[in-house]
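Bear in mind that the values here come from a model prediction, so they are computed numbers and not experimental data.
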Amino acid sequence: MEANYIQISYGQLALATLFILINIGLSLVLRLGLEQSLGIASLRMVVQLLLVGYILQWVFTLSNPLLIILLALGMTVIAGVSSVNRTRRRFTSIYWNNFISLFSGSFLVTGIIVTGIVRVEPWYEPQYLIPLLGMVLGNALTGTSLSLDRFMEDLISHRGEIEALLTLGATRWEAAHQTIKEALRTGMIPTINSMMVMGLVSLPGMMTGQILAGANPNDAIRYQIVIIFAQAAGVAIATMGVVILAFLVLFNRDHQLTDLLRHASSTKLKSSHR
């Protein structure tokens, strides 16, 4: 069956590297020092995407539910590790907390889309399940990393105030409520901002891809609206989960702020009152 879209050859793909070479050239001329990072990031991105393309082509052919679930879990594990790696602080069980939060948010939302909205038959059809999960995961990853980083940094900078509230008899929730609220706001703001200008300033990637592949623009727009709502829900669930789990780890049942926070370099942070 002949494709109803213009295919891009590897030669044409190679020509697209000129765009990155422009960035590298500007970095060299302006002495920004970004040329190495741009080169490594571009190479990693190309290798990763080409590898994923071959893997997905193989998975789509097999259409095996167990294999597809394992792939989805693998994607979630990678997202959880990436989310933690973007934060500047660490604490006990941070990797597990991120995985649980991303798993809960992304799998719940993707499951509702696949079975309740799009109604894919069978539900594990990889053509729908994997891309939808990937889009929800990607946004949830950004939200969890931003909110978790903000939460832990605020605990460090406002430790004196928080401990003063605890000393005066406030519960751990009362003392940390404002910090939790600001962390959740930080994690959700990028999603809200992108929704504000979508269609006016930016055209979403999924919708653009569908249109380039020959889909009816109205169909593509309906799909995109579903995806954006799903991404917003996934971000909300994942960020709330990761911040609340961090809160339960960093504040013990005796309503005390623990000393579990440390730098990403694994150097233990000392309490500000010591």
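Cluster annotation: V136 and I69 are assigned to the same hydrophobic cluster (Ile/Leu/Val/Met/Phe/Trp/Tyr, side-chain heavy-atom contacts under 4.5 Å, transitive). Cluster membership check: I40 does not share its hydrophobic cluster with V47, using side-chain heavy-atom separations under 4.5 Å among Ile, Leu, Val, Met, Phe, Trp and Tyr. Linking ILVMFWY side-chain heavy atoms closer than 4.5 Å, directly or via other members, places L250 and V242 in a single hydrophobic cluster. Using a 4.5 Å cut-off between side-chain heavy atoms of Ile, Leu, Val, Met, Phe, Trp and Tyr, with links allowed through other members, V114 and I117 fall into the same hydrophobic cluster. Residues L73 and W58 are members of one and the same hydrophobic cluster, defined by side-chain heavy-atom contacts under 4.5 angstrom among Ile, Leu, Val, Met, Phe, Trp and Tyr.
Residues R90 and T87 bring a donor and an acceptor atom of their side chains to less than 3.5 Å of each other. Side chains of S83 and T144: a donor on one and an acceptor on the other come within 3.5 Å.
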_Stepwise side-chain contact (heavy atoms from CB on, under 4.5 Å) check, L148 with R89_ = CA-CA 9 Å; L148 190 59; R89 309 281 179 180; over 6 Å; no

_Test log, rule side-chain contact (heavy atoms from CB on, under 4.5 Å), inputs Q178 and D154_ = CA-CA 10 Å; Q178 186 63 31; D154 280 358; over 6 Å; no

*Given Q224 and I221, is the side-chain contact (heavy atoms from CB on, under 4.5 Å) satisfied, shown in steps?*
CA-CA 5 Å; Q224 189 61 59; I221 288 169; 5.5 Å; no

*Going through the distances and angles, do W173 and F251 end up as a ring pair (Phe, Tyr, Trp, His ring centres under 6.0 Å)?*
CA-CA 9 Å; W173 176 257; F251 288 82; 9.9 Å; no

*asked:* Run the side-chain contact (heavy atoms from CB on, under 4.5 Å) test on L32 and L26 for me, step by step, so that the C-alpha distance in whole Å, both residues' side-chain angles and the decisive distance to 0.1 Å come before the verdict.
replied: CA-CA 8 Å; L32 301 177; L26 287 172; 5.7 Å; no

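Under the side-chain contact (heavy atoms from CB on, under 4.5 Å) rule, N98 has a single partner from V77, L141, V84, V81, which is V84.
Atom CG of L146 sits about 10.0 Å away from atom OG1 of T239, to the nearest 0.5 Å. Atom CZ of R150 and atom CG of L184 lie 11.0 Å apart (nearest 0.5 Å). Atom CE in M135 sits 9.0 Å away from atom OG1 in T110 (nearest 0.5 Å). Separation of atoms CG (L28) and CG (L21) is listed at 10.5 Å; rounding is to 0.5 Å. The structure places CG of L71 at 7.0 Å from CD1 of I55, a figure rounded to the nearest 0.5 Å. Put simply, CD1 on I244 and CG on N97 are 11.5 Å apart, with the number rounded to the nearest 0.5 Å.
Among all heavy-atom pairs drawn from G241 and S101, the shortest one is C-OG, 3.2 Å. The minimum heavy-atom distance between A170 and H255, with the atom names listed, is O-CB, 4.5 Å. Here the closest heavy-atom approach between residue R88 and residue D149 is recorded as NH2-OD2, 2.7 Å. Shown here for L137 and A79, the closest heavy-atom pair between the two residues is CD2-CB, 4.0 Å. For the residue pair L133 and A72, the shortest heavy atom distance occurs at CD2-CB, 3.3 Å. What you find for A140 and G234 is that their closest heavy atoms are CB-O, 4.1 Å.
For the pair H177 and F247, the minimum side-chain heavy-atom distance is 4.5 Å or more. Taking the side chain as every heavy atom from C-beta outward, L245 and V249 never approach each other to under 4.5 Å. Side-chain contact between L129 and V120: absent, with no pair of heavy atoms (C-beta onward) separated by less than 4.5 Å.
Judged purely by atom type and a 3.5 angstrom limit, S27 has no side-chain atom pairing as donor or acceptor with the backbone of N23. T61 contributes a side-chain N or O that, together with a main-chain N or O of Q57, makes up a donor-acceptor pair within less than 3.5 Å. Checking side-chain atoms of N64 against main-chain N and O of L66 turns up a donor-acceptor pair under 3.5 Å. Side-chain atoms of E174 come within 3.5 Å of backbone atoms of T171 as a donor-acceptor pair (strictly under, hydrogens ignored).
Other residues, nucleotides and ligands contribute more than 12 heavy atoms inside 6.0 Å of the CD atom of Q12.
Using bins of under 30°, 30° to 60° and over 60° for the plane-to-plane angle, the ring pair Y128/Y223 lands in the parallel bin.
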